[in-house]
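Chain letters run A, B, ... following the sequence lines, proteins first, then strands; residues in each count from 1. On a predicted model such as this, the values are computed, not experimentally measured, just so you know.
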Protein chains: 2
Amino acid sequence: MLELRLVQGSLLKKVLESVKDLVNDANFDCSATGFSLQAMDSSHVALVALLLRSEGFEHYRCDRNISMGMNLGNMAKMLKCAGNDDIITIKADDGSDTVTFMFESPTQDKIADFEMKLMDIDSEHLGIPEAEYHAIVRMPSAEFCRICKDLSSIGDTVVISVTKEGVKFSTRGDIGTANIVCRQNTTVDKPEEATVIEMNEPVSLTFALRYLNSFTKASPLSNTVTISLSSELPVVVEYKIAEMGYVRFYLAPKIEEDEEETKP
Amino acid sequence: MLELRLVQGSLLKKVLESVKDLVNDANFDCSATGFSLQAMDSSHVALVALLLRSEGFEHYRCDRNISMGMNLGNMAKMLKCAGNDDIITIKADDGSDTVTFMFESPTQDKIADFEMKLMDIDSEHLGIPEAEYHAIVRMPSAEFCRICKDLSSIGDTVVISVTKEGVKFSTRGDIGTANIVCRQNTTVDKPEEATVIEMNEPVSLTFALRYLNSFTKASPLSNTVTISLSSELPVVVEYKIAEMGYVRFYLAPKIEEDEEETKP
DNA sequence: GCCGTACACA
DNA sequence: TGTGTACGGC
């Protein structure tokens with residue numbers, strides 16, 4: 001028996017909007033700790049990890065660990081039917097091959113339940129080691145989103161370079177080149193507007209903008225984004241979910257040889 | 001000689017936006033009573049009935065009963081040229097094969113007249129008997145609109161079931177099932193937010209969501225919608241037009257045999 | 001009050 | 001398919 005009641009249902013709506021374009025089918029894992037998901041994107045290049053801790057739910061009952069395979073597109077369709085102020089409850093009976101999403105309007109006048117069939121999905125749950133990163137950049141999520149969008153109109157890849165002074169995003173394409181530098185800036189009115197750089201060692205890594213632009217769909221979840229970089233390690237783009245957890249996206253850097261190969 | 005002056009011209013604009021997708025050509029009937037229309041939709045499944053009572057016009061002159069065949073798409077195009085605050089006057093001379101729409105801006109600085117050719121249309125004016133309905137549901141039009149839109153992302157048809165406690169909208173599709181229950185609720189701040197159920201007998205009827213979604217285009221005309229249901233009778237979805245009349249949509253329920261046939 | 005998204009039209 | 005407009009969210 002599983003019953004998870006989330007008062008701020010819009011969070012779950014936003015989570016699904018942010019991952020459904022990247023991942024078609026995935027297992028949601030439910031345990032005493034929380035409600036989580038880990039999945040590779042359909043082209044097996046990027047990885048998504050979601051955690052919604054049990055403490056963030058108004059009611060959290062999960063009798064035993066369970067893994068529920070869902071088509072994220074269909075799940076997103078159903079969640080779109082919930083109002084932004086609705087309370088969402090996720091229910092599943094033991095041994096059932098369906099999951100039920102229940103939506104309660106704030107006034108309780110309207111109660112909806114949507115039932116969806118579960119699927120069997122080969123889960124390739126990777127242990128993601130906690131790593132030390134050469135540099136961690138925190139900046140407003142809207143700004144990172146804008147930069148990735150802007151650069152993708154010039155080129156396909158971005159070089160992210162971090163120095164103590166700031167973070168530089170560079171691209172190059174047929175029509176020209178572009179560099180955007182964001183300086184460390186902690187003297188702002190609101191802490192979420194700050195750009196903060198923690199750096200042990202300068203890094204410079206290249207990524208496909210296509211994936212970064214997909215990651216930024218999660219911007220509505222948080223005002224800030226954290227980008228953790230190390231040479232030879234996948235970048236981690238993390239959006240914290242208030243009081244509950246996070247959505248993290250992992251993407252391996254393009255290595256120089258790759259870049260050369262793809263040049264005409 | 002016909003001359004109908006409507007101060008709140010936006011009403012006529014909204015009326016046309018709400019019916020033009022359903023009906024291509026129709027006769028507008030003008031008499032001392034008012035300005036009315038009755039027409040089947042192009043696939044002869046749904047029926048629209050419009051009434052704008054003469055008392056609702058600032059000036060209403062209709063020397064003799066007249067029926068004017070119009071292409072509603074073209075009429076809507078012309079009415080779109082009226083500002084939302086414009087006063088609209090509909091004019092037709094006796095024996096003329098054209099109708100003129102005159103738009104006066106509130107300041108009288110701009111006066112436009114649009115002339116449209118009338119058409120001969122076989123009018124199949126049905127007498128619609130006043131019926132007793134098993135159940136009449138009144139609810140906010142925006143809520144009904146949202147429900148029909150949400151359910152159509154899951155299935156093609158909706159079962160509307162009324163009990164004393166509330167009204168339930170159910171559908172079923174490839175990706176799962178959905179049920180939305182709206183409880184009777186009269187204890188709201190504003191009367192137009194209420195959901196009121198008058199029920200003599202429980203009913204449960206099936207309708208094509210495609211048509212209901214078309215009907216909800218009339219939502220801008222009224223904050224509330226009235227849904228009248230009886231087994232074996234077409235449902236009536238009515239939007240009242242303040243001080244003037246109504247737009248009513250009729251749709252025959254799908255009978256069970258139909259449903260079975262469409263199953264694979 | 002402004003922005004972004006969603007639907008309607010050409 | 002691309003644009004313009006209307007509505008809802010921040």
Visitor: Is there any salt bridge (charged side-chain N to carboxylate O under 4.0 Å, His left out) pair reaching into residues 177-187 of chain B, and which pairs are they, with sequence neighbours excluded?
Guide: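 Listed by first then second residue: nothing to list.
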Visitor: Who pairs with A/F249 by ring pair (Phe, Tyr, Trp, His ring centres under 6.0 Å), at least two apart in sequence or on another chain?
Guide: A/F215
Visitor: Identify all pairs in which a protein N or O lies below 3.5 Å from an N or O of nucleotides 8-10 of chain D, and state each distance.
Guide:
unit_1: D/dG9; atom_1: OP1; unit_2: A/N84; atom_2: ND2; d: 3.0

Visitor: Return a single string for nucleotides 5-10 of chain C, one symbol per nucleotide in 5' to 3' order, where B is base contact, S is sugar-phosphate-only contact and - is none, cutoff 4.0 angstrom on heavy atoms.
Guide: --SSSS
Visitor: Which residue pairs pass the salt bridge (charged side-chain N to carboxylate O under 4.0 Å, His left out) test when at least one of the two sits in residues 6-19 of chain A, sequence neighbours left out?
Guide: A/E17-A/K20
Visitor: Name all residues meeting the side chain to side chain contact (heavy atoms under 4.5 Å, CB included) criterion together with A/K168; count only those two or more places apart in sequence or in a different chain, and write none if there are none.
Guide: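 Side chain to side chain contact (heavy atoms under 4.5 Å, CB included) list for A/K168, sorted by chain: A/S161, A/S170, A/N179, A/V181.
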Visitor: Can you sort out the partners of B/F57 under ring pair (Phe, Tyr, Trp, His ring centres under 6.0 Å), two or more places apart, ordered by chain and number?
Guide: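 Partners of B/F57 under the ring pair (Phe, Tyr, Trp, His ring centres under 6.0 Å) test: B/Y60.
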Visitor: Can you tell me which residue pairs pass the side chain to side chain donor-acceptor pair (under 3.5 Å) test with a partner in residues 185-194 of chain B, sequence neighbours excluded?
Guide: A/D109-B/N185, B/N185-B/T187
Visitor: Taking ring pair (Phe, Tyr, Trp, His ring centres under 6.0 Å) as the test, write out the residues that go with B/F35, two or more places apart.
Guide: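 In terms of ring pair (Phe, Tyr, Trp, His ring centres under 6.0 Å), with neighbours along the sequence ignored, B/F35 is linked to B/F28.
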